[in-house]
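This report concerns only the one structure given below.
Indexing begins at 1, ligand by ligand and atom by atom, following the structure's order.
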Amino acid sequence: MRVYLDHAATSPMPPAVLDAYVDALRVVGNPSSIHGAGQAARELLETGRDAVAASIGADPAEVVLTGGGTEAVNLAIKGLYWGRAPRRRIVVPDGEHHATVDAVEWLASHEGALLDRVPVDELGRIRVDALADVLGAHADDVALVTALWANNEVGTVQPVAEIAALAAAHGVPLHLDAIAAYGQEPIDVRALPGLTALSLAAHKIGGPAGVGALFLTRTAPVEPLLHGGAQQRARSGTQDAAGAAAFGVAAARAVDGLAERSVRIGRLRDRLVDGIRAAVPDAVLCGDPEPGGRLASNAHFTFPGCDGDALLFLLDLAGFAVSTGAACAAGVSEPSHVLAAMGVPEDAARGALRFTLGDDTTDDDIDALVAAVPGVVAQARAAGLSSREPTLGR
Ligand SMILES: Cc1ncc(COP(=O)(O)O)c(C=O)c1O
């Protein structure tokens, strides 16, 4: 049996999205062309954009379509940084996604940005008190605040209303990376008055990879990253009508029945958490244990005495696709910077495993995983922590 429990990495395309995508790919025409073929492509493009905008309560004119989530995050962070020159400071929490971490570090090393780091607590929640202190001390020189809506590794949902209120009170633009939260938490950009920019990616909700969007308020001071035909405000390049069409279908599905879906997936997640706790009593659940404090789809554990890579490979052999949650550099997993920011010791962090559920997850999937985990943990423990190479087949 193959069980896919890595929806946070990418989520399978439902048939309705795939059909819309394939149909749209057959349409010939550049959306910027004025002939009929171009206008047909334009129609697909704008219908997709409308649905994406509606899914977050935005106006279509506020949605810039991008080539994926990483581009959206980079456009928000670098674009706002340059657009707010000569301000030098970027306020950024610990434990952000690498799209943010690497973008702000690049700005620091190449453009002289000053990074004001905001700690997270032991559940991975941004310390709003520390954010208030930083803004209180330096607001005049802050180009932007950027933060995750929900953490992609441990699933902790951030106090975005408080963060937005603080940014608004200090008159500083706020970018939220909502890529992990999209389709799981209700997102209404109008409910967050301090919000200037918000990043989305289609493939996390069953749309195509390489298709994303950046919500940008009309007055957002953003310098484009790509220069060319000025097809969109803040982004040049021929627009991907098929990608937008598929994104639009996925976006509509993601918000339609979101509350019921969260309840169903959250119940499966609780079954998984309870099952693993019973089967491996020393496994430690990371992130917020309260249902409202974490994404319904996320269960993240550390297994003492195990190497997460070994667990991942053994589970893969047993038919389960899961993740260590942490990024890979050149094929070698680094201990998670998110867990480090939460104060998890490096040894414990090496035994991390993330399970993320989706629409196709069933009770049987969860029960099969829970039945497989104790044997896999015993094997990984026997292999020991001394080697970081997986010892499969021994
Ligand atoms: C929170 C978060 N931000 C940014 C990204 C990057 O998005 P993409 O893979 O579409 O470039 C991801 C995807 O892993 C993510 O989970």
Side-chain angles (χ1 to χ4, degrees), residues 4-13 17 21 52 56 63-79 92-106 120 124-126 145-158 160 163 174-185 187 197-215 225-226 235 237 240 243-244 246-247 250-251 254 287 294-298 300 321-329 333-334 336-339 341-342 352 354-358:
Y4 186 77
L5 292 171
D6 198 13
H7 288 80
T10 198
S11 199
M13 223 182 254
V17 179
Y21 197 23
V52 173
I56 56 170
V63 172
V64 179
L65 294 168
T66 64
T70 300
E71 188 195 323
V73 170
N74 272 263
L75 175 56
I77 292 176
K78 293 174 184 164
V92 55
D94 290 333
E96 290 290 298
H97 187 274
H98 267 287
T100 288
V101 173
D102 292 17
V104 298
E105 287 180 353
W106 184 88
V120 295
R125 211 171 23 215
I126 294 166
V145 177
T146 184
L148 282 165
W149 187 302
N151 188 283
N152 50 292
E153 280 188 36
V154 295
T156 301
V157 178
Q158 301 299 353
V160 287
I163 294 170
L174 169 68
H175 163 245
L176 288 175
D177 172 351
I179 292 169
Y182 192 38
Q184 304 205 45
E185 294 289 305
I187 296 176
L198 177 130
S199 295
L200 303 172
H203 71 116
K204 308 291 185 178
I205 58 161
V211 178
L214 183 66
F215 159 78
L225 305 188
L226 304 179
R235 188 184 194 262
D240 177 3
F247 191 3
R294 76 185 302 135
L295 296 175
S297 64
N298 176 292
H300 184 293
V322 302
S323 167
T324 59
C328 268
S333 293
E334 297 296 322
S336 155
H337 69 289
V338 176
L339 295 180
M342 292 161 59
R354 179 188 72 183
F355 309 95
T356 47
L357 288 54

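By the 3.5 Å distance cut-off applied to N or O atoms, T70 is counted among the residues near ligand 1. Among the atoms of G68, none of the N or O lies under 3.5 angstrom from an N or O of ligand 1.
The shortest heavy-atom contact between G69 and I179 is CA-CD1, 3.5 Å. Residues K204 and A9 approach most closely at NZ-O, 3.0 Å, considering heavy atoms.
Within the model, atoms CD1 of I163 and CG of L174 stand 7.0 Å from one another, a figure rounded to the nearest 0.5 Å. Distance CG/L357 to CD/Q184: 9.5 Å, rounded to 0.5 Å. Rounded to the nearest 0.5 angstrom, T70 OG1 and H98 NE2 are separated by 11.5 Å. Atoms CG and CD1, from L200 and I205 in turn, are 7.5 Å apart once rounded to the nearest 0.5 Å. Here the OG atom belonging to S336 is positioned 3.5 Å from the CD atom belonging to E153, to the nearest 0.5 angstrom.
Here the heavy atom of the protein found nearest to atom 3 (N) of ligand 1 is D177 OD2, 2.6 Å. The protein non-hydrogen atom at the shortest distance from atom 4 (C) of ligand 1 is I179 CD1, 3.3 Å. The protein heavy atom nearest to atom 16 (O) of ligand 1 is N152 CB, 3.5 Å. Looking from atom 10 (O) of ligand 1 to the surrounding protein, the closest heavy atom is G69 N, 2.9 Å. Remark: minimum distance from atom 15 (C) of ligand 1 to any protein heavy atom is reached at H97 CD2, 3.3 Å.
In H203, the part holding a heavy atom less than 4.0 Å from any atom of ligand 1 is the side chain. Contacts with ligand 1 closer than 4.0 Å are made by no heavy atom of T100, backbone or side chain.
Which parts of ligand 1 touch A201 is read off a 4.0 Å heavy-atom cut-off, strictly below it: atoms 10 (O). In summary, the atoms of ligand 1 found under 4.0 Å from a heavy atom of K204, numbered by their order in the structure, are 12 (C), 13 (C), 14 (O), 16 (O). Near L148, meaning under 4.0 Å from any of its heavy atoms, are these atoms of ligand 1: 1 (C).
For the 3.5 Å distance criterion, the side chains of H175 and T146 qualify, holding a donor opposite an acceptor.
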